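What follows is a single structure, written as structure tokens, with notes after it.
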Amino acid sequence: MARRFWLLKSDPETFGWEDLLKSPRKTTAWDGVRNYQARNLLRDEIRVGDGVLFYHSQSAPPAVVGTAEVVRAGYPDPTQFDARSKYRDADSDPAEPRWYAVDIRAGRELDRPVTLPEMREAPGLESMVLLRRGSRLSVQPVTAAEWKIVLALAGRPG
DNA sequence: GCCAACGTTGGC
DNA sequence: GCCAACGTTGGC
């Protein structure tokens with residue numbers, strides 16, 4: 001299976017690139033995702049070694065700020081069973097967990113953020129899921145070509 | 001803060 | 001199964 005690429009959205013107020021860098025081994029569980037389409041990607045598609053574009057939403061401007069690597073493929077999101085977690089889902093059956101997480105490790109910080117308006121202008125990114133009208137999916141597929149273009153926009157080849 | 005777009009819920 | 005109401009996301 002060839003390496004694939006993804007874009008993960010995060011509100012930096014909640015958990016941003018800096019938080020990832022400060023995490024033990026620069027690794028974090030990507031948990032708390034509560035959308036079925038995103039869940040399916042986490043559970044079924046994302047594999048160890050896949051590349052991640054780390055995107056800051058809700059920031060001015062929104063931007064891809066770094067890359068990460070998947071270091072653990074989909075596993076049941078523990079927060080769904082954690083009574084103290086705001087992500088708890090009392091309806092999820094441990095025998096058949098509803099929500100999944102992956103682990104990611106920081107790769108490298110981009111030399112400069114690649115902003116949303118910049119991506120909208122970039123040739124080759126026209127079909128990027130992120131740029132679709134009303135696109136709110138927090139876990140998105142990225143093509144190999146899009147991955148390269150975004151990193152090239154940051155000033156270094158991918 | 002506003003609001004468009006989207007997903008989920010629940011009455012019927 | 002339909003669809004209105006509601007809550008959330010996220011760009012601006």
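Order of the sequence lines fixes the chain letters, A, B, ..., with proteins taken first and strands second; residue numbering starts at 1 for each chain. As the structure is a computational prediction, the values presented were derived from the model and not from experiment.
Hydrophobic clustering of Ile, Leu, Val, Met, Phe, Trp and Tyr side chains at less than 4.5 Å, counting indirect connections, unites A:Met128 with A:Leu153. When hydrophobic clusters are built by joining Ile, Leu, Val, Met, Phe, Trp and Tyr residues whose side-chain heavy atoms come closer than 4.5 Å, directly or via intermediates, A:Met119 is not grouped with A:Val65.
The phosphate of C:dG11 (OP1 or OP2) has a side-chain N or O of A:Tyr55 nearer than 4.0 angstrom.
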What N/O pairs connect the protein and nucleotides 3-6 of chain C at under 3.5 Å? Give each pair on its own line.
none

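To the nearest angstrom, P of C:dT9 lies 17 Å from CG of A:Leu7. In this structure, the NZ atom of A:Lys9 is 17 Å from the P atom of C:dT8, given to the nearest Å. In this structure, A:Arg34 places its CZ atom 18 Å from C1' of B:dT9, rounding to the nearest Å. In this structure, CD of A:Gln37 is placed 16 Å from C1' of C:dT8, rounded to the nearest angstrom. Put simply, CG on A:Leu131 is 10 Å from P on C:dC12, counting in whole angstrom units. The interatomic distance linking A:Tyr87 (OH) with C:dT8 (P) rounds to 13 Å, in whole Å. Distance A:Tyr36 OH to C:dT9 C1': 18 Å, rounded to the nearest Å. Between the CZ atom of A:Arg132 and the P atom of B:dG7 there is a distance of 12 Å, rounded to whole Å.
In this structure, A:Trp99 shares a hydrophobic cluster with A:Tyr36, the cluster being traced through Ile, Leu, Val, Met, Phe, Trp and Tyr side chains under 4.5 angstrom apart.
The neighbour count for A:Glu96 CD, taken as heavy atoms of other residues, nucleotides or ligands under 6.0 Å away, does not exceed 12.
A tilted orientation is assigned to the rings of A:Phe54 and A:Phe15, their planes being inclined by 30° to 60°.
For the pair A:Gln140/A:Arg132, no side-chain contact is recorded, criterion being any heavy-atom separation below 4.5 Å from C-beta on.
Remark: the A:Tyr100 side chain and the A:Asp44 side chain contain no N/O donor-acceptor pair separated by less than 3.5 Å. Side-chain contact annotation: A:Thr79 with A:Arg34, donor-acceptor N/O pair under 3.5 Å present.
Between A:Ile104 and the options A:Ile46, A:Asp50, A:Leu8, A:Thr67, a side chain to side chain contact (heavy atoms under 4.5 Å, CB included) holds for only A:Leu8.
Using a 4.0 Å cut-off on heavy atoms, the residues of residues 133-140 of chain A that approach DNA chain B are A:Arg133, A:Gly134, A:Arg136, listed by number.
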